[in-house]
Amino acid sequence: NQIKMKKDLRYCIFKISDDRKTIENDCQGPDTETFQDFVKHLPEDQPRYALCDINYETDDGRKQNKLCFFFWSPDDKTSVKDRMLYASSKDAIKKKFVGIMKEMQVNDYGDLDEKSVLEEMKR
C-alpha cells in the first residue's frame, strides 16, 4: 500500500522465504531511485516478485505513472523447482496488492529494457 498511496517508494521486491512457507520483502527503493536502480536489485540467479512505480509520458505529452507487477524468473540460471514454486505462488501475492495496472513476466535482463517497458506502459 505504501508504494501506491504514499508514493514514497519506487519499487518493492519480494522473495519466497528460505523455509518456502511465506513471501517476504527482499528490498525496496525510495522514490528518488530510477528504473535502472530497480533492475540492479533483481538477482540474476533467483526468481522474484516486484512492484515498481513506472513514470512515463503518453504520446500526447502527458506525464503518467502506473504500478506494474513484475514476475522475474531467469530461465537459464534457476532450478525448475524454484521456477515452479514462484509460478504457483504468483496469484496469491498479486491478490494482496491493490492498484496494479500492468503485469509483466520477465526472464532475462533484456526483457527489462527501459524503452520496451515504457512502451508497454502506454498500452
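We count residues from 1, following the sequence as given.
Ring to ring, Tyr11 and Phe70 are not that close: their centroids are 6.0 angstrom or more apart. Taking the six-membered ring for Trp, Tyr109 and Trp72 have ring centres closer than 6.0 Å.
One distance of note links CD1 of Ile54 with CE of Met104; it measures 8.5 Å at 0.5 Å rounding. Taking CG of Asp82 as the start and CD1 of Ile16 as the end, the distance is 8.0 Å to the nearest 0.5 Å. Atom-to-atom distance recorded for Ile93:CD1 and Ile23:CD1 is 4.0 Å, nearest 0.5 angstrom. In this structure, Met121 CE and Asn55 CG are separated by 11.0 Å, a value rounded to the nearest 0.5 Å. The CG atom of Asp26 lies 9.5 Å from the CZ atom of Phe14; values are rounded to the nearest 0.5 Å. Distance NZ/Lys95 to NZ/Lys90: 12.0 Å, rounded to 0.5 Å.
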Start with the C-alpha gap between Lys122 and Glu57, add the side-chain angles, then the distance that decides, and say whether salt bridge (charged side-chain N to carboxylate O under 4.0 Å, His left out) holds.
CA-CA 8 Å; Lys122 293 178 185 181; Glu57 196 170 291; over 6 Å; no
Using side-chain contact (heavy atoms from CB on, under 4.5 Å), reason through Glu120 and Lys102 one step at a time and then give a plain yes or no.
CA-CA 8 Å; Glu120 181 64 29; Lys102 284 286 181 181; 3.9 Å; yes
Should Glu114 and Gln36 be marked as a side-chain hydrogen bond (donor to acceptor under 3.5 Å, both in side chains) after you check the CA-CA gap, both sets of side-chain angles, and the distance that decides it?
CA-CA 8 Å; Glu114 188 170 13; Gln36 292 86 4; 2.3 Å; yes
Check the pair Asp75, Asp108 against side-chain contact (heavy atoms from CB on, under 4.5 Å), reporting the backbone distance first and the verdict last.
CA-CA 7 Å; Asp75 283 339; Asp108 62 45; over 6 Å; no
Start with the C-alpha distance between Tyr49 and Phe69, add both sets of side-chain angles, then the distance that settles side-chain contact (heavy atoms from CB on, under 4.5 Å), and finish with yes or no.
CA-CA 7 Å; Tyr49 307 113; Phe69 177 82; 3.7 Å; yes
Glu33 and His41: CA distance, side-chain angles, deciding distance, side-chain contact (heavy atoms from CB on, under 4.5 Å) verdict:
CA-CA 11 Å; Glu33 291 200 4; His41 282 92; 4.1 Å; yes
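Listed here is the closest heavy atom pair of Leu85 and Arg20: CD2-NH1, 2.9 Å. Contact record, Arg83 with Pro74: CD-O, 4.2 Å, taken as the closest heavy-atom pair. Listed here is the closest heavy atom pair of Leu67 and Val98: CD2-O, 3.8 Å. The two residues Asp19 and Thr22 come nearest to each other via the heavy atoms OD1-N, 4.1 Å.
Here the options are Val117, Leu118, Asp53, the test is side chain to side chain contact (heavy atoms under 4.5 Å, CB included), and the partner is Phe35; only Val117 passes.
Counting only heavy atoms from C-beta outward, the side chains of Lys66 and Tyr56 approach each other to under 4.5 Å. Counting heavy atoms from C-beta outward, Asp31 and Leu9 have side chains that stay 4.5 Å or more apart. Residues Leu51 and Cys68 are not in side-chain contact: their nearest non-hydrogen atoms beyond the backbone lie 4.5 Å or more apart.
Relative ring orientation between Phe71 and Tyr86 is described as parallel, the plane-to-plane angle staying below 30° on a 0-90° scale split at 30° and 60°.
A donor-acceptor contact shorter than 3.5 Å links the side chain of Thr58 to the backbone of Arg62. Without hydrogens or angle criteria, Arg10 side chain to Pro30 main chain gives no donor-acceptor distance under 3.5 Å.
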